[in-house]
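Some notes on the structure that comes next.
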Amino acid sequence: MENGAAKPVIVAIDGPSGTGKSSTSKAVAAQLGLSYLDTGAQYRAITWWMVSNGIDIEDPTAIAAVAAKPEIISGTDPANPTISVDGTDVAGPIRTQEVTSKVSAVSAVPEVRARITELQRTLATSAEYGIVVEGRDIGTTVLPDADLKIFLTASPEARAARRSGELKGADVNATREALIKRDAADSSRKTSPLAKAGDAVEVDTTALTLPQVIECVVTLVEEKRAAK
Ligand SMILES: Nc1ncnc2c1ncn2[C@@H]1O[C@H](COP(=O)(O)OP(=O)(O)OP(=O)(O)O)[C@@H](O)[C@H]1O
Ligand SMILES: Nc1ccn([C@H]2C[C@H](O)[C@@H](COP(=O)(O)O)O2)c(=O)n1
């Protein structure tokens with residue numbers, strides 16, 4: 001993809017778990033020559049650090065006191081996104097069930113959000129050609145001036161079926177309940193909850209294939225770029 005003298009384009013993609021944010025964002029960024037940032041991986045990384053260092057996840061004060069300690073580095077190449085904590089590659093460990101079950105509690109702590117939001121803004125503003133940033137509060141809080149905001153949705157059944165396929169035969173009902181529980185926690189926290197920005201384009205992916213969603217978002221980005 002030739003970027004020429006195009007101005008950097010900032011794309012925010014938010015939505016609940018399993019709606020296709022990561023798959024879509026990575027593919028769109030790769031296709032359009034943009035950087036890519038998985039902000040969920042950053043919250044998972046700080047959660048992994050808290051767990052590894054014996055911090056009580058039920059104690060927001062204890063979490064807040066050490067929120068500035070871990071050095072979290074995200075690699076933003078969509079062909080090879082990376083995440084490290086204090087120099088250790090944590091791409092695998094952050095996907096464990098233990099981290100998944102604790103990440104909502106850690107990410108609800110305001111000091112954690114302030115720390116991670118600052119990292120996200122720094123990466124977004126330094127992306128030479130632009131960036132696709134995916135998460136829960138990107139359009140509302142992290143990058144309210146993004147050129148394009150997308151809010152992906154899908155039915156809980158579709159999302160659970162996708163995740164169960166990924167987890168090789170995990171029980172669909174249990175997966176569905178876990179997704180709903182995490183979305184409820186992420187949507188109800190006080191500080192920058194999961195929410196659709198007023199100016200976001202909502203895309204319901206329930207009946208769409210992944211290539212269809214990617215094509216839809218690529219078209220929306222190209223329209224924005226042409227208008228810049
Ligand atoms: N439109 C789609 N149709 C079918 N499967 C899809 C679609 N979009 C994504 N998937 C699949 O669903 C699974 C979850 O997708 P993905 O990880 O991109 O979601 P997510 O919104 O980033 O989830 P999370 O927020 O939990 O990280 C993946 O296995 C992905 O390949
Ligand atoms: N912008 C964000 C991104 C993620 N989180 C929290 C809430 C999620 O449950 C968790 C893991 O995200 P995932 O890897 O499933 O996309 O991280 C958030 O609060 N804000």
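As the structure lists them, so they are numbered: ligands from 1, and atoms in each ligand from 1.
- A 4.5 Å side-chain heavy-atom check between Y36 and S22 finds at least one atom pair inside the cut-off.
- Checked by distance only, ligand 1 and T19 come closer than 3.5 Å through their nitrogen or oxygen atoms.
- Close approach of ligand 1 to K21 (heavy-atom distance below 4.0 Å) involves ligand atoms 18 (O), 19 (O), 20 (P), 21 (O), 22 (O), 23 (O), 24 (P), 25 (O).
- Any N or O atom pair closer than 3.5 Å counts here, and L208 shares at least one such pair with ligand 1.
- Short contacts between ligand 1 and G20, defined as distances under 4.0 Å to a heavy atom of the residue, involve ligand atoms 8 (N), 9 (C), 15 (O), 16 (P), 18 (O), 19 (O), 20 (P), 21 (O).
- Ranking protein heavy atoms by distance to atom 28 (C) of ligand 1, first place goes to E166 OE2, 3.1 Å.
- For a threshold of 3.5 Å applied to N or O pairs, the pair formed by R44 and ligand 1 contains no separation below that value.
- Between T47 and I94, the closest side-chain pair of non-hydrogen atoms is not below 4.5 Å.
- Salt bridge R115/E111: absent, no basic N to carboxylate O contact under 4.0 Å.
- Contact residues for ligand 2 (protein heavy atom closer than 4.0 angstrom to any ligand atom): T39, G40, Y43, R44, R95, V103, S104, S107, R113, G135, R136, D137, I138, R182, D186, R189.
- Nearest protein neighbour of atom 15 (O) of ligand 1, counting heavy atoms only, is S23 OG, 3.5 Å.
- In this structure the side chain of V203 reaches within 4.5 angstrom of the side chain of I150, judged on heavy atoms.
- Contacts between R136 and ligand 1, counted as non-hydrogen atom pairs separated by less than 4.0 Å, involve the side chain only.
- Contacts of T209 with ligand 1, taken as heavy-atom pairs under 4.0 Å, involve the backbone alone.
- Taking the side chain as every heavy atom from C-beta outward, T39 and I116 never approach each other to under 4.5 Å.
- Ligand 1 does not have G40 within reach: every non-hydrogen atom of the residue lies 4.0 Å or more from it.
- Counting only non-hydrogen atoms, the option in R163, R162, R95 that gets closest to atom 23 (O) of ligand 1 is R163.
- For residues 191-215, the pairs satisfying side chain to side chain donor-acceptor pair (under 3.5 Å) are R113-S192, D137-S192, K149-D199, R162-T205, D204-T206, T209-Q212, with sequence neighbours left out.
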*asked:* Could you walk me through whether K26 and D77 satisfy the salt bridge (Lys or Arg N to Asp or Glu O under 4.0 Å) test, starting with their C-alpha distance in whole Å, then the side-chain angles of each, then the deciding distance to 0.1 Å, before giving a yes or no?
replied: CA-CA 9 Å; K26 229 181 290 180; D77 177 354; over 6 Å; no
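- Residues R95 and T100 form no side-chain contact, since every pair of their non-hydrogen atoms from C-beta on lies 4.5 Å or further apart.
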*Verify side-chain hydrogen bond (donor to acceptor under 3.5 Å, both in side chains) between D89 and S84, making sure each step is shown before the conclusion.*
CA-CA 4 Å; D89 175 0; S84 70; over 6 Å; no
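- The side-chain heavy atoms of V9 and V221, taken from C-beta on, include a pair separated by under 4.5 Å.
- The R182 neighbourhood of ligand 1 comprises atoms 26 (O), with distances under 4.0 Å to a heavy atom of that residue.
- For the pair N173 and T175, the minimum side-chain heavy-atom distance is 4.5 Å or more.
- Residue contact check: P16 has heavy atoms under 4.0 Å from atoms 21 (O) of ligand 1.
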*Test salt bridge (Lys or Arg N to Asp or Glu O under 4.0 Å) on E177 and K181 and set out the steps.*
CA-CA 6 Å; E177 293 315 308; K181 191 175 162 203; over 6 Å; no
